[in-house]
> 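Before I ask anything, here is the structure I am working with.
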There are 4 protein chains.
Amino acid sequence: MTTGTRRRLAPEVRRRQVLDAAIEVFSEEGLHGASMDAIAARAGVSKPSVYAHGGTKDELFAACLAREADRLMSTLTTAVLPDAGSGGADARARLRRALRAFFRAVTTHRQGWTVLYRQASAGEFAGPVDAARRGIVARAAELLAAELGGSPETALPVAHTLVGAAEGLADWWLGADHRSEDQDPADLLADMLVAVVWPGLDALRQA
Amino acid sequence: MTTGTRRRLAPEVRRRQVLDAAIEVFSEEGLHGASMDAIAARAGVSKPSVYAHGGTKDELFAACLAREADRLMSTLTTAVLPDAGSGGADARARLRRALRAFFRAVTTHRQGWTVLYRQASAGEFAGPVDAARRGIVARAAELLAAELGGSPETALPVAHTLVGAAEGLADWWLGADHRSEDQDPADLLADMLVAVVWPGLDALRQA
Amino acid sequence: MTTGTRRRLAPEVRRRQVLDAAIEVFSEEGLHGASMDAIAARAGVSKPSVYAHGGTKDELFAACLAREADRLMSTLTTAVLPDAGSGGADARARLRRALRAFFRAVTTHRQGWTVLYRQASAGEFAGPVDAARRGIVARAAELLAAELGGSPETALPVAHTLVGAAEGLADWWLGADHRSEDQDPADLLADMLVAVVWPGLDALRQA
Amino acid sequence: MTTGTRRRLAPEVRRRQVLDAAIEVFSEEGLHGASMDAIAARAGVSKPSVYAHGGTKDELFAACLAREADRLMSTLTTAVLPDAGSGGADARARLRRALRAFFRAVTTHRQGWTVLYRQASAGEFAGPVDAARRGIVARAAELLAAELGGSPETALPVAHTLVGAAEGLADWWLGADHRSEDQDPADLLADMLVAVVWPGLDALRQA
DNA sequence: CATGAATGAGTCTTCATTCAT
DNA sequence: CATGAATGAAGACTCATTCAT
């Protein structure tokens with residue numbers, strides 16, 4: 001209808017179209033608030049196509065969840081990879097780099113993880129959502145343990161604290177108009193968060 | 001149905017019943033996921049009674065939101081009131097006390113604010129929800145400004161960070177089974193959070 | 001609530017209050033559109049009082065119907081009583097007098113019969129409504145038969161025609177703004193209708 | 001349900017099915033009395049189909065109204081078209097022809113206009129209904145003005161009278177059992193009405 | 001394959017009616 | 001008696017899902 005001809009696209013391309021549209025609509029309307037009609041319209045395809053390429057509404061939501069979780073996870077991992085865990089004077093810099101990656105992901109891709117996972121923190125999807133979030137936090141805990149010493153398990157509450165803090169700060173930045181700042185927002189936010197938490201983390205390490 | 005007899009109760013009592021049930025169900029199922037039938041059943045009244053005492057679904061949700069926001073707000077305020085803002089050596093203790101109040105509220109009343117406001121961070125209720133959360137954070141910013149010096153505006157991002165961190169830590173504690181701990185969980189959590197953030201905050205104050 | 005004290009009134013007075021309110025509301029909202037709540041509010045009493053004095057909604061509507069039918073019926077009868085049926089040169093004058101009475105009733109008491117019976121010309125009340133209307137037309141047929149000669153049965157279609165014509169003309173007058181006319185509207189309308197139908201009726205009589 | 005198989009039909013066909021059913025049910029039960037369930041059942045489709053093809057209940061009712069008004073209007077216009085307005089000796093014949101068309105339409109299609117428009121002469125639809133009826137009467141006034149001379153405005157009350165008379169007479173015929181008459185009822189009714197009103201109209205013309 | 005058309009199931013909301021005070 | 005409070009039943013409307021083309 002949009003193109004006049006109904007073009008046959010490769011299945012993976014269609015699937016990506018559908019997922020993109022779904023993420024947008026889920027982010028705006030919430031899990032229950034989003035309708036399959038709206039998703040189909042946003043994707044520019046018919047409703048049966050949505051079912052063909054995205055499956056049931058629940059499956060579709062789960063796929064969105066998984067894709068955004070993966071995206072965030074790989075962003076973090078990539079940012080941290082180089083010379084991780086060498087301890088010493090650069091630990092602060094490495095934390096800052098990881099946080100900057102997180103903030104960049106979140107501020108660039110607004111409708112992604114942060115918005116998405118909140119929709120479903122209760123209800124039928126509480127399980128998968130929690131699992132995904134715990135995955136991310138677990139990864140953060142591993143990194144922290146490498147930097148600060150100690151086992152990942154003891155680092156777990158600290159990781160939760162850190163991720164929560166980062167989300168809170170990102171919320172603040174996303175909430176108001178900060179578009180005119182000349183600095184890269186990710187840099188700014190990473191600096192702010194490091195200033196607040198690094199002294200405490202450093203002290204924990206030495207304890 | 002619960003009582004078998006159809007008892008006449010004072011309107012305020014019934015309203016409380018309905019609000020309590022609504023908060024439970026909204027917490028479990030989400031705004032759109034919750035049905036008025038479920039709320040009526042949970043409250044042990046008929047659906048028309050829900051409408052009579054709680055109004056429309058939207059009004060009911062707004063009322064739940066308002067009640068929990070008020071509850072949390074007054075908890076915080078009460079905890080902080082005594083000898084606030086005297087600066088100096090007790091600032092750390094006062095922060096700890098406020099955090100303990102927050103954690104107590106959140107861990108005691110699981111289905112309260114933290115769970116509730118996330119349901120509606122997008123969609124039709126994004127506005128009210130955000131406003132409520134911003135109110136709480138603004139209060140935190142005032143307290144921080146009193147302790148650390150500086151204007152509430154500059155304290156705002158720090159407040160967001162702090163609230164986010166507290167929520168993250170609370171999530172961790174609520175997520176797994178920590179019921180057997182012998183210490184008061186609120187104390188434990190407050191100690192943990194203070195350990196992470198106080199050094200940084202202290203440094204900010206002196207800057 | 002209106003008076004502060006709930007005054008005990010004689011049952012008939014209460015019943016009249018209720019019926020008056022019911023006629024108003026039924027006229028404005030229609031049979032199904034009117035709610036017992038609205039009627040109670042309009043009457044200034046509580047809903048159980050409406051039931052106590054007016055009975056079920058159906059009974060109440062039937063009572064309204066009956067009261068307005070009676071009112072119209074007696075208006076007509078009264079107008080026609082003096083020296084009815086003397087035939088001859090005054091038949092035209094007597095027809096005019098009856099019509100004037102009809103128009104006066106209808107234009108004075110807008111929310112009465114004309115509006116009311118149309119609400120229910122179909123549905124559960126088709127029967128009673130039709131019966132009431134037929135009663136009125138039958139009375140008209142009797143009068144016509146007395147004037148024009150012939151049996152009431154043969155006069156029946158003529159009576160239907162006449163009543164329909166009167167209603168149509170009344171509709172016209174009620175529809176637009178004719179408030180500024182200096183002549184009594186009932187006189188005007190009666191004259192108009194007589195001008196159209198009398199020659200034909202007169203011819204019928206002689207046939 | 002009627003067909004057993006769920007057949008795919010052209011939208012216009014389905015729309016006609018739905019409109020036909022709606023007119024029947026609205027005629028029988030009234031605007032408020034009719035339920036969308038009943039309309040769906042009568043049409044032999046599911047409720048969502050009614051919404052898909054007929055829209056909201058209000059829209060559906062408006063569509064029924066419009067269709068019946070158009071049908072009646074075109075019937076009248078068609079009947080009157082040939083050599084209209086030539087005045088003189090045939091005016092009576094032309095009036096008779098128009099009335100016969102009206103009566104044929106009304107007696108053939110019982111559940112049409114006459115029944116339909118009364119349902120809604122008050123309430124939310126008072127406006128549209130009145131407008132539609134006024135359209136018909138205005139057309140009648142034009143015709144009358146062409147025949148009798150004078151402007152359509154002065155003919156308006158006469159037109160209202162005439163339409164009302166025709167409706168009243170039609171009511172009489174529809175009310176009782178006249179099925180065994182050997183004459184075409186439309187002819188019979190037109191003759192009766194012409195006998196009553198023509199002399200008066202003729203006199204008006206010469207005045 | 002892609003789609004317009006169709007539907008069963010469920011949601012919010014209101015109403016006529018009746019207890020218990 | 002008059003009433004506020006309570007409810008069973010029903011109605012308008014929407015949605016996720018699937019045939020038939």
Side-chain angles (χ1 to χ4, degrees), chain A residues 1 5-9 11 14 32-40 44-53 55-60, chain B residues 1 3 5-11 13-15 32-40 44-53 55-60, chain C residues 1 3 5-9 11 14 32-40 45-53 55-60, chain D residues 1 3 5-11 13-15 32-40 44-53 55-60:
Chain A
M1 184 151 280
T5 326
R6 41 191 202 189
R7 285 261 287 284
R8 271 195 59 189
L9 270 60
R14 271 276 199 267
H32 283 274
S35 79
M36 294 299 263
D37 275 291
I39 293 172
V45 298
S46 75
K47 225 185 326 176
S49 271
V50 174
Y51 278 86
H53 296 286
T56 289
K57 192 185 186 184
D58 282 5
E59 294 166 2
L60 188 54
Chain B
M1 186 151 279
T3 60
T5 325
R6 132 185 169 186
R7 280 259 291 288
R8 246 186 103 161
L9 268 62
V13 179
R14 272 279 194 264
R15 179 171 170 85
H32 284 278
S35 81
M36 295 298 263
D37 275 293
I39 293 172
V45 298
S46 73
K47 220 181 337 171
S49 270
V50 174
Y51 279 86
H53 296 286
T56 291
K57 192 184 185 184
D58 281 6
E59 293 167 2
L60 186 55
Chain C
M1 184 151 279
T3 59
T5 325
R6 43 189 201 191
R7 286 260 289 284
R8 271 196 58 187
L9 270 59
R14 271 276 198 268
H32 285 275
S35 79
M36 295 298 265
D37 275 290
I39 293 172
V45 297
S46 75
K47 224 183 329 176
S49 272
V50 173
Y51 279 85
H53 297 286
T56 288
K57 192 186 187 184
D58 282 4
E59 293 166 4
L60 187 53
Chain D
M1 188 152 277
T3 60
T5 324
R6 130 183 169 189
R7 279 260 292 289
R8 247 184 104 165
L9 268 61
V13 179
R14 273 280 194 264
R15 179 172 169 84
H32 284 278
S35 80
M36 293 300 262
D37 275 293
I39 293 172
V45 297
S46 73
K47 219 185 332 174
S49 272
V50 174
Y51 279 87
H53 297 286
T56 290
K57 192 184 186 184
D58 282 6
E59 292 166 3
L60 187 54

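Note on naming: letters A, B, ... go to the chains in the order of the sequence lines (proteins, then strands), and numbering restarts at 1 for each one.
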> For Asp58(B) and Ser46(A), take the nucleotide of DNA chain E holding the closest heavy atom to each; which residue's nucleotide lies nearer the 5' end?
Ser46(A)
> Roughly how many Å is it from CD1 in Ile39(A) to P in dA16(F), rounded to a whole number?
8 Å
> Given the rule that a pair is Watson-Crick or G-U wobble with both distances under 3.5 Å, how would you write DNA chain E in dot-bracket, using | for pairs to a different strand?
.||||||||||||||||||||
> dG4(F) P sits how many Å from His53(B) NE2, rounded?
13 Å
> Would you kindly compare Ala52(B) and Gly55(A) by the position of their nearest DNA chain F nucleotide and give the one closer to the 5′ end?
Ala52(B)
> Tell me every residue that passes side-chain hydrogen bond (donor to acceptor under 3.5 Å, both in side chains) with Lys57(D), counting only those two or more places apart in sequence or in another chain.
none
> Quick one: is dC1(E) close enough that its OP1 or OP2 comes under 4.0 Å of any side-chain N or O from Ser49(A)?
no
> Does Arg14(B) put a side-chain nitrogen or oxygen below 4.0 Å from OP1 or OP2 of dA6(F)?
yes
> Measuring from Ser35(B):OG to His32(A):NE2, what's the distance to the nearest 0.5 Å?
10.5 Å
> Hey, what do you get for CG (Leu60(B)) to NE2 (His53(B)), rounding to the nearest 0.5 Å?
12.0 Å
> Of Tyr51(B) and Ala10(D), whose closest DNA chain E nucleotide lies nearer the 5' terminus?
Ala10(D)
> Got a second to check how far Ser49(C)'s OG is from Ile39(C)'s CD1, nearest 0.5 Å?
13.5 Å
> Kindly give the heavy-atom pair with the smallest separation between Ala40(B) and Ser46(B), and that separation in Å.
CB-C, 4.0 Å
> Measure the distance from CG on Leu60(B) to P on dT13(E) and round it to the nearest whole Å.
10 Å
> For nucleotides 9-11 of chain F, print each protein N/O atom paired with a nucleotide N/O atom at under 3.5 Å, atom names and distance only.
none

> Which heavy-atom pair separates Met36(A) from Thr56(A) by the least distance, and what is that distance?
CE-C, 4.3 Å
> Taking only residues two or more places apart in sequence or in another chain, which ones pass salt bridge (charged side-chain N to carboxylate O under 4.0 Å, His left out) with Asp37(C)?
Lys47(C)
